[in-house]
Amino acid sequence: MIICANKMEYPLRTQCQRVHKQVMVNGENERVSLLLMKALVSRGSVDAVSQQMASHPQYLESFLRTQHYILHMDGPLPLPYRHYIAIMAAARHHCNYLVYLHSAQFLRVGGDPLWLQGLEAAPPRLRLLDHINKVLAHQPWLTACSHIQTLLKSGEQCWSLAELVQAVVILAHCHSLCSFVFGCDTDSDFVPLSKSPNGVPPTFCPFDAANGNANVPQSLATPSEHKTRRRSLDSGCDMVCLKERIQKSQEERDKREERLLQTQALQQTDIEEEEEMMCFTDPTRFITDPDLCYQEFARREEDHFQVFRVQDYSWEDHGFSLVNRLYSDIGHLLDDRFRSVTTLPSTHSPDLKRAIWNYIHCVLGIRYDDYDYGEVNQLLERDFKLYIKAVACFPDATKTPVCPLSLAPLKTSERIHVNLLIMEARLQAELLYALRAITQYMIA
Amino acid sequence: MEKMSRVTTAHSSSAISGRTMFCHLDAPANAISVCRDATQVVVAGRNIFKIYALEEEQFVEKLNLRVGRKPSLNFSCADVMWHQMEENLLATAATNGAVVTWNLGKPSRNKQDQLFTEHKRTVNKVCFHPTDVYMLLSGSQDGFMKCFDLRKKESVSTFSGQSESVRDVQFSIKDYFTFAATFENGNVQVWDIRRPDRYERMFTAHTGPVFCCDWHPDDRGWLATGGRDKMVKVWDMTTNRAKEIYCVQTIASVARVKWRPEKKFHLATCSMMVDHNIYVWDVRRPFIPFATFEEHKDVTTGIVWRHQHDPHFLLSGSKDSTLYQHMFKDATRPVDKANPEGLCFGLFGDLAFAAKESLISSDANRKPYPGGDRRYPIFFFKKPDPTEQFAHVSSALSVFETDLDSNRMDWFVKTAQLYLLCGKPFAELCDHNAKVARELKRPQVSTTWTMLRIMFSDPANPTTPGLNHSLSNKLGTLPLMNSFSMKEMGPGMGTESRLERSKGESRQDNAHLEPGILHISNNNEENEETEGSEGQAEYMFGDAELDDDDLYSMEHENQTEEQECTLPQEAFQLRHEIMDNPSAPEHLQQDKADSPHVSGNEAEVTCLTPIESFSLISISQPLFSPHLPASFFCPIVREMLSYYAEQGDVQMAVSVLIVLGDRIRKEIDDLTQEHWYMSYIDLLQRFELWNVSNEVIKLSTCSAITCLNQASTTLHINCSNCKRPMSNKGWICDRCHQCASVCAVCHHVVKGLFVWCQGCSHGGHLEHIMNWLKSSAHCPAGCGHLCEYT
């Protein structure tokens with residue numbers, strides 16, 4: 001399905017107004033407005049993601065800086081390649097929003113429209129990237145030295161190490177951004193920002209089954225029960241539950257999709273003519289093996305997949321040095337992101353943040369020697385864990401309910417904060433796996 | 001690496017011996033430590049915790065401390081330290097946050113002595129006090145440092161760094177109570193062990209984490225730190241503010257740093273990522289490692305000098321699961337492979353050349369430079385210390401300056417001002433410009449102008465005034481545009497620089513001529529001008545060949561006429577032999593008899609030997625056959641112009657373009673023309689030759705250029721009454737409704753041409769003012785100013 005949409009993004013004027021209004025309403029500091037204006041001026045648009053993040057201006061700044069750097073600034077990859085890689089990454093999670101966005105930018109920087117017909121139309125070099133894209137998106141622990149080797153040693157279509165690192169950074173960035181988009185529900189409709197993000201901090205009592213989601217099975221939602229079930233954070237039970245939910249909501253999703261498309265079509269007719277023609281391409285065109293998805297990191301089969309020990313390969317000590325060496329300055333930018341997300345002012349206690357972070361790393365197979373994983377079960381309610389896992393591992397709006405759990409009691413800015421944490425943890429996890437593979441390749 | 005050489009050092013008290021050797025470990029090592037008497041080494045890692053004895057020929061496993069069927073994370077070590085006082089005592093930092101001590105004297109298999117689990121995060125470092133038996137310090141990821149008394153069950157004091165994780169802690173060797181801690185945020189803190197409430201001092205040492213530090217074993221004030229920013233810094237801690245006294249830039253993040261025993265300025269480093277080598281640096285020579293050990297195949301994680309008074313043995317553990325003993329004498333010395341020469345051009349064409357002093361001073365018969373000594377000897381201070389093994393290196397730096405005169409752009413300015421580009425018949429313009437060029441000692445340009453005149457003038461009346469003159473001008477005294485004056489160069493240097501310069505057109509003949517030139521430059525010091533120009537003549541020679549090649553074709557057509565012009569052959573004999581003209585053979589085969597003439601023609605433009613007796617007329621006149629249309633020369637001229645432009649003399653290109661006008665314009669594509677014009681105009685404006693630049697703009701035929709003059713031609717004027725800008729009409733002010741520009745003579749409003757004095761700003765109708773100033777010198781307004789109308 002290819003729809004030639006006149007318009008993906010809002011006209012500049014309305015965006016300006018919106019940004020302005022938002023800032024006025026929020027009474028937020030000028031920092032946000034400045035940032036968004038800057039983005040607006042340089043990119044001609046403020047995407048919904050930035051607007052969501054605006055409730056955390058400190059983070060937004062480093063996020064935008066990184067994104068700008070990897071997509072538009074100096075780097076070994078040509079600009080159309082970067083956006084195409086971003087499209088491939090977003091397509092892995094069927095994130096229509098990001099696929100739109102990058103298709104538009106891809107065309108804007110002079111990419112060949114033919115490529116948007118699908119992966120087969122893309123140059124073989126980009127097609128080679130599909131495998132690592134697949135693995136990183138769904139089962140990053142499978143990333144191996146041999147993948148890097150095939151990419152770097154395939155003769156005419158080979159990648160250089162520097163190009164590959166940039167590609168990997170873009171892939172990881174977009175995968176994790178898919179999680180954020182999914183978590184914030186940006187993909188399906190625009191969630192207005194809360195009116196007072198700096199208001200009274202709500203007590204953290206998010207997942208009350210009574211007022212929440214009818215989908216939550218009562219038995220599982222009883223707090224007492226899963227407090228006793230420590231050490232079961234990866235148990236298949238969660239998975240079954242999640243899968244059930246996914247199926248149930250599938251039909252709703254389909255309906256919703258239709259509605260969405262209709263409204264989109266309506267919108268398109270409304271909007272004044274724009275020079276730029278953008279193609280909305282079905283995300284599935286950019287991926288192969290669409291059935292591949294996250295699988296439980298096999299704890300039983302430790303022989304097969306060694307647990308990734310942070311103490312042996314950490315971002316601070318190893319990842320940073322490598323990525324910064326092969327793609328200069330990106331290390332500092334990413335470092336800044338990780339740092340700012342952990343220091344964000346929030347009502348969550350540092351312990352809770354660490355629990356979320358380590359839980360995500362845990363489901364992706366990364367372990368901390370110095371962490372007692374029992375804390376995860378103590379601090380994170382079962383529903384909350386399900387939510388985190390859904391956002392981190394199944395950020396696919398076509399398969400998973402948009403918001404599997406009611407996060408309604410949580411303030412929007414708090415919810416965005418959680419999503420940011422998930423995004424960054426996932427980004428770091430993917431980077432660690434990819435960079436470790438590259439390190440192994442370099443040593444071998 | 002398996003050298004069987006054996007060395008025995010009588011250096012230390014307990015004479016230890018050994019060779020470069022290694023053993024395989026079962027698992028990657030994270031840290032190593034050596035016991036006080038240098039006979040045993042402990043290796044710790046995630047899956048390894050073993051003690052090896054250092055025998056003369058090999059490592060022998062003495063003890064495996066990792067016991068139990070499924071060892072707990074307490075055995076997973078991030079760091080290990082052997083007590084320097086008590087030989088049975090070891091401490092490890094576990095990745096799970098535990099601090100464990102081990103007593104080798106225990107009879108049981110499990111030697112674990114005490115377990116402190118006070119840290120919440122991974123412990124990065126443990127450190128025994130160098131003299132106190134019971135004091136142990138730890139630094140952890142949670143940002144705390146804890147001091148343990150081994151006689152007690154828990155820590156005696158906790159130090160809070162108030163920041164991110166602690167990466168390293170080190171007791172000062174000389175000060176009993178002092179220790180240093182380094183942090184992930186780049187800070188270094190110095191603490192007094194008795195005061196856990198607050199650090200004594202703190203400073204930012206690196207950007208990004210500081211991975212390691214080491215106190216100097218002898219000098220109490222010195223602390224070396226290494227960080228992720230790839231730097232090793234040495235700090236003087238005796239002053240009030242920690243002062244950075246040395247800085248070594250490595251190629252990868254610095255994981256460990258260890259001062260070399262008995263060598264005040266040496267320290268060893270290894271890296272955490274990418275780089276697997278161990279470097280030993282002399283901090284005073286931070287640009288090249290003093291020694292390198294390149295044995296490891298993966299990153300080196302632990303380094304330690306085997307004995308605290310022996311600088312010749314270094315032990316290292318690595319992620320490649322090997323443990324090495326490196327002999328210092330087997331180390332690679334990068335300095336031996338370093339290139340001792342350096343060459344660099346300066347902004348204004350100066351050339352600096354540094355080489356080993358021995359190389360330069362061996363050149364005994366080098367003469368002192370006449371124009372002031374341009375040599376700056378620089379001796380890298382290096383005391384010939386017998387224990388120092390760094391090669392004694394001193395380099396001499398020579399700076400060769402370009403000739404100031406040749407560097408100046410006077411010729412450009414003068415030429416720009418004096419050239420005539422229009423307003424006279426073509427032939428006269430050419431002659432005038434040829435004369436200008438000649439007077440500025442640019443005979444090639446001058447000849448070009450003359451040739452142009454001959455080519456494009458009406459063949460019927462080839463008046464050639466000054467043509468003889470142009471040729472009688474000695475071509476041998478060509479001034480240089482950018483030449484090095486030979487007096488500045490040593491003989492060896494001269495050769496090198498010339499090779500450098502003439503790279504573009506270096507041909508066989510250069511090499512042939514060189515000995516002669518060198519000869520001149522050596523002996524003929526007085527005649528500097530000639531020397532310089534010799535070099536240049538040769539240089540120009542290559543240039544002129546382009547034109548010569550073109551002349552061939554023309555001459556070929558006219559060979560009948562050419563037969564008549566006989567030339568004194570011997571004058572060109574030399575030239576011809578040297579010439580290695582690629583296009584020559586064809587012609588030579590075609591008309592062998594003519595070949596000497598052909599080469600003779602070449603020499604007209606470029607001959608090295610002065611030939612007064614030879615006039616161009618005799619040659620050039622026959623060239624003008626009435627059958628030859630001017631357009632015939634166009635390809636030649638086009639190439640000539642591009643040649644000049646490429647040589648940087650865009651002035652010539654543009655001037656010829658303008659003077660020739662329609663004769664050549666169609667031959668050259670508009671973009672090139674525009675490019676030339678833009679370059680020339682830019683140059684002119686930089687020299688503030690506004691008039692010339694304007695003239696060029698005016699005369700140019702490119703629309704893109706002529707429109708330069710159309711830009712910003714608006715003249716804004718203010719009302720003379722209310723001083724506000726007049727927007728609408730030039731003569732009446734919108735605001736005060738006064739007539740602003742009134743003629744000072746007739747007192748009427750001026751509509752149309754208004755002229756005013758820039759001195760007193762009175763004025764009026766052009767005609768009136770003109771008339772007024774014919775009769776009077778003063779301003780018509782009566783202000784008393786002496787106006788002038790020109």
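All heavy atoms count here, side chains included; hydrogens, waters and symmetry mates do not.
A/D369 and B/T95 make their closest contact through OD2-OG1, 2.5 Å (heavy atoms, listed as atom of the first residue, atom of the second, distance). Residues A/Y313 and B/M273 share a closest heavy-atom pair of OH-CE, 3.8 Å.
The parts of A/D312 that come within reach of chain B are both its backbone and its side chain, each placing non-hydrogen atoms under 4.5 angstrom from that chain. For chain A, the nearby parts of B/R121 are the backbone and the side chain; heavy atoms of each come within less than 4.5 Å. Using a 4.5 Å cut-off between heavy atoms, B/H119 does not touch chain A at all. Looking at B/K120, the atoms closer than 4.5 Å to chain A (heavy atoms on both sides) all sit in the backbone: N, CA, C or O. When heavy atoms are compared at a cutoff of 4.5 Å, B/A98 does not approach chain A at all.
Side-chain contact between A/Y368 and B/Q141: absent, with no pair of heavy atoms (C-beta onward) separated by less than 4.5 Å. In this structure, the side chains of A/Y371 and B/N96 stay at 4.5 Å or more apart for every pair of heavy atoms. Using a 4.5 Å heavy-atom cutoff, the side chains of B/K297 and A/I443 are not in contact.
Interface check for chain B: of the options A/T439, A/D335, A/D317, the most heavy-atom pairs under 4.5 Å are formed by A/D317. Options B/M272, B/K230, B/R228 differ in how many heavy-atom pairs under 4.5 Å they form with chain A, and the most are formed by B/R228.
The line from CZ of A/R309 to OG of B/S76 is 7.5 Å long, rounded to the nearest 0.5 Å. Within the model, atoms CZ of A/R325 and CG of B/D275 stand 7.0 Å from one another, a figure rounded to the nearest 0.5 Å.
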Steps toward side-chain contact (heavy atoms from CB on, under 4.5 Å) verdict (B/N30, A/Q311): CA-CA 10 Å; B/N30 275 347; A/Q311 268 70 18; over 6 Å; no
